[in-house]
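Working notes, beginning with the structure itself.
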Amino acid sequence: MTTGDAVRRTAAVEQGIASADALFSMEGIPEGAVVPEPEGEAATEAAVERLGSRFARLDGQVRHALRRTRDHAGNLSSDRLQGLSEIVQNAEDLGATDVRILTRGRELLVAHNGNPVRLPDVLALAMPWLTSKAEQAESTGRFGIGLMTLQSLSPHLEVHCGHYRFRVGDPDISVARPFPVPDWFVGDTWTVLRVPLEPGVLGADEVDVWLAEWGDSALLFLGSVGSVTHLDEQGAVRHRLALDRETGEPFEAVVGGRSVDVETGGARAGDGSRWLVCRATVPSPSGITRSHKAVGSTTAIAVALPLGPDDAGRIYAGLPVADTALSLCISAQFDPIASRQALDDTPWNRALNELVGDLWTAAVLWQFRRDPARAWRAVPLPDDVRDSRDPVAALERLLLDRARAGVSHGLVLDVPGYGPLGLDDLAVEDETLVGVATEEEISRVAERTAVLPKVARDEDGRWREVLADWENHDSAVPVTVDLYDALRLLEDETRSPQANIRLAAVGLASNIYSSLLSSRWLVDSSGGRHRVPRPAEPAVFTDAPRGLGASLGFSREIHPAFLADTDEARSVRTWLRKRS
C-alpha cells in the first residue's frame with residue numbers, strides 16, 4: 001500500500017467513525033436528520049465496527065437489557081416465520097418491487113430490490129425497540145423489533161447491501177464475512193438478508209407451506225412489491241405469490257364528512273380469486289396522536305371486496321395483521337401490537353375504524369351498482385360478528401351497523417325496464433312463491449314498481465338472509481309478498497289454469513284453505529271460472545259430462561290442466577276428491 005493509499009484509507013476510516021459517532025449520539029432518528037453516510041468500503045466497515053465498539057462500552061445493565069429484548073423478540077409471535085413478512089413489509093417501505101427467498105443448506109436468504117441500506121438502518125436493527133421510521137407517517141413498520149422476530153430461527157442476522165456487510169447478534173454489531181450469492185438470485189444493488197441456520201431448523205418445504213397459507217391476498221394492499229418468490233438452489237420457482245392488477249373507474253365518496261376521490265381496481269390471483277380494491281387518501285383524524293409514530297395530514301385507507309372463490313377476511317396494516325369472519329379485506333395505517341398479529345386498542349385505531357366504515361359503505365354501494373349478485377357476500381350478518389372486545393370485533397360490529405343504516409338506505413339497483421331503484425321501490429316473493437307467481441304479479445300485489453331482479457340475487461341465497469336482518473333493524477327493505485298475499489291472485493281471471501294450479505298446490509302444502517274456498521279459481525273446459533262447491537251445493541266437476549249430473553246440468557267438465565300428470569295437479573285433484 002502506498003503512502004497515498006494509506007492516507008486515503010485513514011481518512012475514510014475517520015469519516016466512517018465520525019458518521020457512527022454522530023448517529024449514536026442522536027436522541028432517536030428524527031425525520032430529516034443529517035447523518036453523513038460512510039463513503040466507500042473502508043469507511044462503511046469502520047462505521048459498522050465503531051457502532052459495535054460503542055455498544056460494547058454501554059453500561060452493563062443497559063447492554064444486558066438490549067440483548068434480552070433482542071433475544072426475546074423471537075417469542076413475540078406465535079408464527080416462527082413472522083420475520084419473513086417483516087422483511088416483505090420493510091421491502092415495501094423501501095420501494096421494492098420484487099422479494100426473493102432461497103432456502104439452502106444452513107442458511108435462509110431473502111433479497112429485495114428496494115432502496116439500499118443506510119447507516120441508521122444498522123443502528124435500528126441492533127436496538128430492537130428503535131425504529132428508523134418513526135417520523136415516516138406513510139410507512140407501516142413501527143418498531144425496529146420487527147426483523148428481530150427472526151430470532152425464532154437464529155440468534156444472528158446478517159445484512160449485505162453495497163459496501164454494508166454487518167451481523168447483528170453476538171457481539172451486537174460486527175462486520176460480516178462475504179459469502180457467494182448466485183447471479184440469478186440478486187442484482188448488483190439488491191439487499192440480501194442472511195439468516196444462518198443450524199441443521200434441521202428450517203426446510204424449504206416449511207417455507208412453501210407458510211407462503212401458501214399467507215396466500216396471494218397478502219399482497220393486496222402493497223403499492224410497490226408485486227411478487228414474493230421462493231426459489232430452489234438451481235433458480236427454479238418453488239412457490240410464488242403475485243397478483244395481476246387492473247385499473248378501474250374512480251368514483252367520489254364521503255369519508256369522514258368530506259368528499260374524496262376513490263380509486264378502484266381489480267386484483268386477480270393465480271387460483272382465480274378476485275377482488276374489487278378501493279383506495280382513498282383522507283384527512284387524518286384530528287387531535288389524535290400515535291404511539292412511536294408520526295401522524296401526517298392525510299392517511300391512506302383501502303378495502304377489498306372478494307369477487308371469487310377466496311372470500312377469507314383479513315385486516316391489514318400494509319400486510320395481514322389479523323383475521324376477520326367478514327368477507328372483506330381492509331387496510332389502513334393501523335397500529336398493530338408488537339407481534340403484528342393483532343391490532344392495538346388505541347384512539348387512533350378506533351378513529352380509523354370510522355373512516356374505514358365510510359369507505360366500506362361507499363365501496364359496497366358501488367359494487368351493488370356494478371355486480372349486485374356478488375355484493376351480498378360482502379354484507380355482514382350477525383353470526384359473522386364475534387362477541388369480543390378486541391379492536392377487530394369492534395370494527396365488525398361497526399360495519400354491521402353501517403350495513404343496516406347506510407348500505408340499505410343508499411343501495412340503488414339498475415332494474416331492467418325501470419332504471420335505478422332503491423329497495424323501498426321493490427318487492428320480493430316469499431321462498432314458497434319462487435316459480436309460482438310472475439314478477440309482474442308480485443310487484444302488483446306488493447304495490448311496488450318492480451321486483452328485486454334475478455341478476456341481483458346470489459345463488460347461495462345470502463340476499464334473503466341480509467334482507468331478513470335488515471328488516472329486523474328498521475333498515476330499508478323491499479316489500480315481501482308472502483303466500484297469504486299471493487293467494488289473492490286466484491281471483492285474477494287473466495291467470496291461466498296452470499298458474500292457478502301451481503299457486504293452489506302451494507297453498508294446500510301450507511294448509512291454507514280459506515282463499516281456496518272463497519276464490520273463483522276452478523276452471524271448466526269452456527274457460528268458465530268457479531268456486532270450489534260447498535258440500536250441500538249441487539255442483540260437481542268431472543273429467544267428462546256423464547250421468548244424471550250432466551242431464552240435470554250441475555256436472556261440469558273440468559279443464560284438462562287439472563288432469564295433467566304433474567305433482568301440483570295431482571295434489572289439487574286429491575284435495576278436491578276429499579271434498580267430494
Side-chain angles (χ1 to χ4, degrees), residues 84-85 88-89 91-92 95-101 112-113 140 207-231 236-251 253 261-281 300-332 356 359-360 362-380 455-456 458-460 462:
L84 288 180
S85 66
V88 175
Q89 186 64 73
E92 167 74 10
T97 60
D98 193 4
V99 177
R100 299 175 186 174
I101 303 170
H112 67 76
N113 62 346
T140 52
V207 175
D208 286 337
V209 170
W210 184 87
L211 288 170
E213 292 176 350
W214 212 37
D216 296 293
S217 63
L219 311 183
L220 263 175
F221 300 108
L222 296 185
S224 61
V225 172
S227 64
V228 178
T229 308
H230 187 204
L231 303 164
V237 175
R238 291 183 57 100
H239 197 99
R240 186 171 189 264
L241 304 182
L243 291 173
D244 292 327
R245 301 180 186 272
E246 59 183 21
T247 302
E249 180 184 355
F251 65 92
D261 294 327
V262 179
E263 298 177 357
T264 72
R268 181 188 296 270
D271 64 358
S273 299
R274 298 188 299 121
W275 297 265
L276 167 68
V277 184
C278 300
R279 303 172 183 268
T281 299
I301 57 177
V303 300
L305 307 182
L307 305 178
D310 183 2
D311 61 358
R314 281 170 156 179
I315 309 299
Y316 295 63
L319 288 171
V321 174
D323 293 333
T324 173
L326 306 188
S327 181
L328 76 153
C329 298
I330 290 174
S331 179
V356 165
L359 179 60
W360 173 84
V364 172
L365 292 175
W366 175 257
Q367 180 63 6
F368 266 113
R369 291 299 299 270
R370 299 171 70 251
D371 191 355
R374 286 193 174 95
W376 297 105
R377 185 60 195 155
V379 180
V455 294
D458 64 299
E459 294 181 356
D460 295 332
R462 186 178 178 88

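All values below were derived from every heavy atom in this structure, side-chain atoms included, with hydrogens, water molecules and symmetry-related copies excluded.
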The reported gap from CD1 in I301 to CZ in R279 (rounded to nearest 0.5 angstrom) is 12.0 Å
| query | Counting only N and O atoms by type, is there a donor-acceptor contact under 3.5 Å from the side chain of E92 to the main-chain atoms of S224? | reply | yes
Review point. Got T264 and L276 here, is their nearest side-chain heavy-atom distance under 4.5 Å?
Key: yes
Value for CD (E263) from CZ (F251), rounded to nearest 0.5 Å, stands at 11.0 Å
When you check the gap from the basic side-chain N to the acidic O, do R238 and D208 get nearer than 4.0 Å?
yes
Only residue of T324, V356, L326 satisfying side chain to side chain contact (heavy atoms under 4.5 Å, CB included) with I315 is T324
Value for CG (L319) from CG (L220), rounded to nearest 0.5 Å, stands at 10.5 Å
| query | Any side-chain donor paired with an acceptor under 3.5 Å for R314 and S217? | reply | yes
How about D216 and S273: does a side-chain donor come under 3.5 Å of a side-chain acceptor?
no
- Task: Could you tell me whether a side-chain N or O of S227 sits under 3.5 Å from a main-chain N or O of A242, the two making a donor and an acceptor?
- Result: no
When rounded to the nearest 0.5 Å, the distance separating CG of L328 from CZ of R377 is 10.5 Å
Rounding to 0.5 Å, atoms CZ (R100) and NE2 (H230) come to a distance of 13.5 Å
SG of C329 to CH2 of W360, rounded to nearest 0.5 Å, is 13.5 Å
Original post:
Does any N or O in the side chain of D98 come within less than 3.5 Å of the main-chain N or O of G226, such that one atom is a donor and the other an acceptor?
Top reply: no
Whether W376 side chain and A456 backbone form a donor-acceptor pair below 3.5 Å | yes
Review point. Taking R462 for the side chain and V379 for the main chain, is one N or O donor matched with an acceptor at less than 3.5 Å?
Key: yes
(message) Could you tell me if the side chain of V228 sits less than 4.5 Å from the side chain of I101, heavy atoms only?
(response) yes
